[in-house]
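Proteins come first, then strands; the chains are lettered A, B, ... in the order of their sequence lines, and each starts at number 1. Both backbone and side-chain heavy atoms feed into the values below; hydrogens, waters and symmetry mates do not. It should be emphasised that the depicted structure is a prediction, and the values quoted were computed from it without experimental measurement.
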Amino acid sequence: MRYVGRPVPRLEDARLLRGRGRFVADLAPVANVHHVAFVRSPHAHAEIRSIDASAALASEGVLAVVGPEDGRRWLRPFSVGVDGAEPYWPMAIGRARYVGEPVAVVVARDRYLAEDAAERVRVEYEPLPVQMEVEGAPVVTSRSFRFGDPEGAFARAAHRVGATFRFPRYSSTPIECYAVLADWSHAEEEVTVWSNFHGPFVMQPLIAACLGLPENRVRLICPPDIGGSFGIKSGVYAYIPLVALASRLAGVPVRWTADRWEDLVASQAGTDRVTRAEVAVDAEGRMTALRLEITDDVGAHLRPPEPATLYRCFGNLTGAYRIRDLAVEARAVLTNRPPTGLNRGFGGQQLYFTLERLVDMVARRLGLDAAEVRRRNLVPPAEMPYRTPLGGVYDPGDYPALLDELLARADYPGLVAERDRLRAQGRLAGVGMAMVIDPSGTNLGYIELARTPEERSRGLGKSGCTESATLTMDPLGNVRLRIATAPEGQGHETVAAQIVADELGVPISSVRVDAGVDTAAQAWNVSSGSYSSRFAPITSSAVIRACAALKARLRAIASGILEASPDDLELVDGSVRVRGTDRALPIRRVAGLAHWDPGALPAGVEPLLHVTASFSSHLARSPGQDDTVDSSICYGAVADLCLVDIDPETYEVAIRGYWTVHDSGRILNPLLADGQVMGALAHGVGGALYEELVFDRAGTPLATSFADYLCPTAREIPEVHIHHRHGETPFVPSGARGIGEGNSMSAPAAVANAIADALSERGVEITELPVHGSKIWKWLQETATAR
Amino acid sequence: MRSITLRVNGRPVTAEVEPRMTLADFIRERAMLTGTHLGCEHGVCGACTVLLDGASVRSCLLFAVQADGREVTTVEGLARDGELHPLQRAFHVHHGLQCGFCTPGFLMALAELWPSRGLVGREEIEEVVSGQLCRCTGYAGILAAAYDAFGVA
Ligand code: FES
Ligand code: FES
């Protein structure tokens, strides 16, 4: 191995550092591109009485205004994954259900003119009552699950510890906003769309159905560069039919580049959740049973893939702990907030905020150390691979060793002493930890849990995590790899090139990678894309498979000249060599032969140096009749510890030190792995302390710019000590688990636990996020009065 | 409409523009340099940062007509003769960028400080870096790159 495992700096940087990236807004793939601007509802809930577009249509440079009637006529609602739920239209038809919902689309010569005209569209609304409280909101999906004997376990429990937890709604606000360029061809009855969509490509058939087109007439192109997403841009799919329809009706190609207001009020956010949770604990502090009553606020529409937030972590709902009895209520409700969806950590931050806070509450109740309670409950290595009661199969890891390493690296006793020293100075200081199981490589089948076994048995099964890779070798032996991940900064080009170079035994400089997607020109499937940390376990494994296929072909081609069986040939140092000898042919000779002189090949040998291979794990299965599902292919483990220091006067929270230890299997590129850890952690810290999409009671969003939606800057992010435990997961050929989401799940919990520790002597318990000075002040006032 | 001429990365660019056209849009759509990115269009994220007569500005907050006759430097003007600027090299080595969308802004904000290297320390660098938003890196790689390029320990 020459490249994998080394901190190879990125190949992508060469263009990005020079300002030569190719983001959607930089592309001019066709002539005469016009711009759209959206007319959006100013009301959280209103009947649309009438629309008058005449003034807009008379404005300079305007070609068309697409209104609800056009939507009703030319589009079809998206089908949703829950029987009986209302279908989802991507624009307000008849009724607007959140502030910012698209009501009309204006097409004009440029963006300035389109925005001018959008202001001239007169819409008459009749406001309706709004639903902003989660309590009492209409339930759109609800399921109950029972595993083992939770009632018995709770009856036998020495202690029961519980609380209601509120996890906020926030977004990762990628710096590049949504962008779509659509070119409708009336002649071909086809639409070509350039967008910063990145999957899951299960949305491609949904887009086609919404447009009433066969799937092979919706060509989606994702450019090589996407300016961050963290899941948020998966939601751009809902805008694609609207922009495509605007192109269709205006008769010109059109472009939409969202602004930050649109991003904050009408793109996608993580799901806010209320969880009533209770854990049964025996006299020694072992957690035996867990009861979770989860309510997700999915906003105004159950927009696919919701209610997936409820189920993404289903297989690992018990976290790192050996809890065998469970009762779970999972429901989603509708409110007059915008629709939710993927956001880095997807379902994990909501889950672990609850679970890890509960563990700390158990520790406090029993007078035990938080680390000790965790140690008593961790799944022991002897039980690996461990099957959770919910069907998740954890690939081998040593969780107690992970915890020990964290405590040693961070000098836990020293950190506690530091906390006590700060307290003695009058500071509010606290130490907090979190341990999470970080799922990667989603099995899409988990979404089916939203249906009952009975409902599922009526349809086709759903499962899968397939990814593919295509390798092409040119006559000089250089290779081009094509994958369908549409990365948004993760560095897939670099890591894939490292893998190919090692597998084929060629220098990395001879490998070129295309990771942008064109559904008309490459292998892809509904699971394709970048989401659920699937590159390391899944895509990498597909790349390894493609290399194996190309190697087999090269060996077969070379076997004639080398007069050896293909099985005796190996690829090393840019050559095909007879194993154990110095008889070898440069790869370039072998490739040249295949291209230029296929007549010289051994009989029956395929001359084409172009292979596509795929990887799909047999573990990805549709849910069983007993409602168990292995919701992800791999499960990494992350352990975090931090020290917070709260100013006793301003209550400003500062993180004084942060340690994180990962068991992520094989590390393909440590430089990039640590970059993912830092990025995920920054999102977790933001969610814990600063970021929240706040609405007033009328449903008006209050965080509509970066002046009132607070993203952490360099000053707010602590110094982080990152460590990796080494090992490979045997569950996938790459040996690697995902790494880009774990700390988005763990950091909110670890920071919350540290703050809870800091405030423990003041009678304040942390059951909601984000925590900032004004909230701490309020809680301290309340407890002071209560006393 | 007004005819204006800006020197962008040393080359004159003349165009008829509406007074309301932002400098950012002028750079992207008239000078056809798409390295300058827009992340908020209200002056907070810093993705659109360029140098105007050597001083860093948010190009989303200025009108192009305000820059008439002046010298603009964008990220495309940082590398000389194909050689990356030391800041660009440091960002590469320290993994100071992921999606790269914020990167031109960080580079140009730091480029303003570049003539003062040797005179500035961590505090000044952190001040500049914390005036820009990056959602990918958690800033660790950016700070490491900047400290290294400026030669501060
Ligand atoms: S785009 Fe100018 S500061 Fe954000
Ligand atoms: S690298 Fe993506 S926003 Fe900074």
Side-chain angles (χ1 to χ4, degrees), chain A residues 7 9-10 12-23 25-27 110-112 172-177 225-230 257 259-261 263 487-491 671-672 674-683 685-686 705-707 711-717 719-720 743, chain B residues 18 20-21 25 28-29 32-47 74-79 82 84-85 87-89 91-105 107 125-143 146:
Chain A
R10 297 197 323 165
E12 292 87 342
D13 293 357
R15 60 176 187 269
L16 295 169
L17 284 167
R18 291 176 168 87
R20 302 287 178 191
R22 284 156 293 162
F23 298 90
D26 306 336
L27 306 178
D110 66 31
R111 192 176 174 211
Y112 292 74
S172 299
T173 64
I175 300 295
E176 179 200 34
C177 297
D225 298 308
I226 294 179
S229 169
F230 326 108
T257 306
D259 64 21
R260 185 57 59 188
W261 182 83
D263 174 67
E488 315 92 56
Q490 300 94 326
L671 186 68
L672 275 58
D674 285 359
Q676 287 300 309
V677 168
M678 272 310 299
L681 209 145
H683 283 137
V685 167
S705 77
F706 276 156
C711 307
T713 73
R715 293 228 194 259
E716 282 78 49
I717 300 302
E719 192 179 342
V720 180
N743 295 94
Chain B
E18 279 195 69
R20 67 172 172 172
M21 175 178 251
D25 284 350
R28 292 181 53 84
E29 291 162 21
M32 306 305 276
L33 294 170
T34 54
T36 299
H37 298 148
L38 291 167
C40 71
E41 297 168 87
H42 51 250
V44 179
C45 75
T74 71
V75 69
E76 289 93 340
L78 265 191
L84 289 183
H85 188 282
L87 280 167
Q88 291 169 310
R89 268 206 308 276
F91 269 62
H92 178 58
V93 170
H94 293 279
H95 193 29
L97 66 157
Q98 291 184 21
C99 77
F101 201 77
C102 69
T103 312
L107 289 171
I125 290 168
E126 216 187 281
E127 181 76 27
V128 170
V129 169
S130 63
Q132 310 279 121
L133 293 181
C134 171
R135 299 293 350 231
C136 294
T137 62
Y139 304 103
I142 295 175
L143 285 170

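One finds the SG atom of B:C40 at 11.0 Å from the CG atom of A:D263 (value rounded to the nearest 0.5 Å). We find the CG-OG1 distance between B:L133 and A:T173 to be 7.5 Å, quoted to the nearest 0.5 Å. Note that CG of B:L97 and CZ of A:R10 are 5.0 Å apart. Values are rounded to the nearest 0.5 Å.
Looking at A:S705, both its backbone and its side chain come within 4.5 Å of chain B, counting heavy atoms on both sides.
With contacts defined as side-chain heavy-atom distances shorter than 4.5 Å, the pair A:E488/B:Q98 does not qualify. When side chains are defined from C-beta on, B:L84 counts as touching A:R18, because their heavy atoms get closer than 4.5 Å. A heavy-atom distance below 4.5 Å is not found between the side chains of A:I175 and B:H37. Taking the side chain as every heavy atom from C-beta outward, A:M678 and B:T137 never approach each other to under 4.5 Å.
Your options are A:A682, A:G227, A:G491, and the one with the most heavy-atom pairs under 4.5 Å with chain B is A:G227. Among B:Q88, B:E29, B:E18, the residue with the largest count of heavy-atom pairs under 4.5 Å with chain A is B:Q88. Interface check for chain B: of the options A:G489, A:C177, A:S229, the most heavy-atom pairs under 4.5 Å are formed by A:G489.
A:H683 places a side-chain N or O within donor-acceptor distance of the main-chain N or O of B:R135, the cut-off being under 3.5 Å. In this structure a side-chain-to-backbone donor-acceptor pair under 3.5 Å is present from B:H42 to A:F706. Looking at B:R28, its side chain does come within 3.5 Å of a backbone N or O of A:A25 through a donor-acceptor pair.
A salt bridge is absent between A:R260 and B:E41: the closest approach of a Lys/Arg side-chain nitrogen to an acidic carboxylate oxygen does not fall below 4.0 angstrom.
Among all heavy-atom pairs drawn from B:Y139 and A:T713, the shortest one is CE1-C, 3.4 Å.
Under the ring-ring contact (aromatic ring centres under 6.0 Å, His included) criterion, B:F91 pairs with no residue, sequence neighbours left out.
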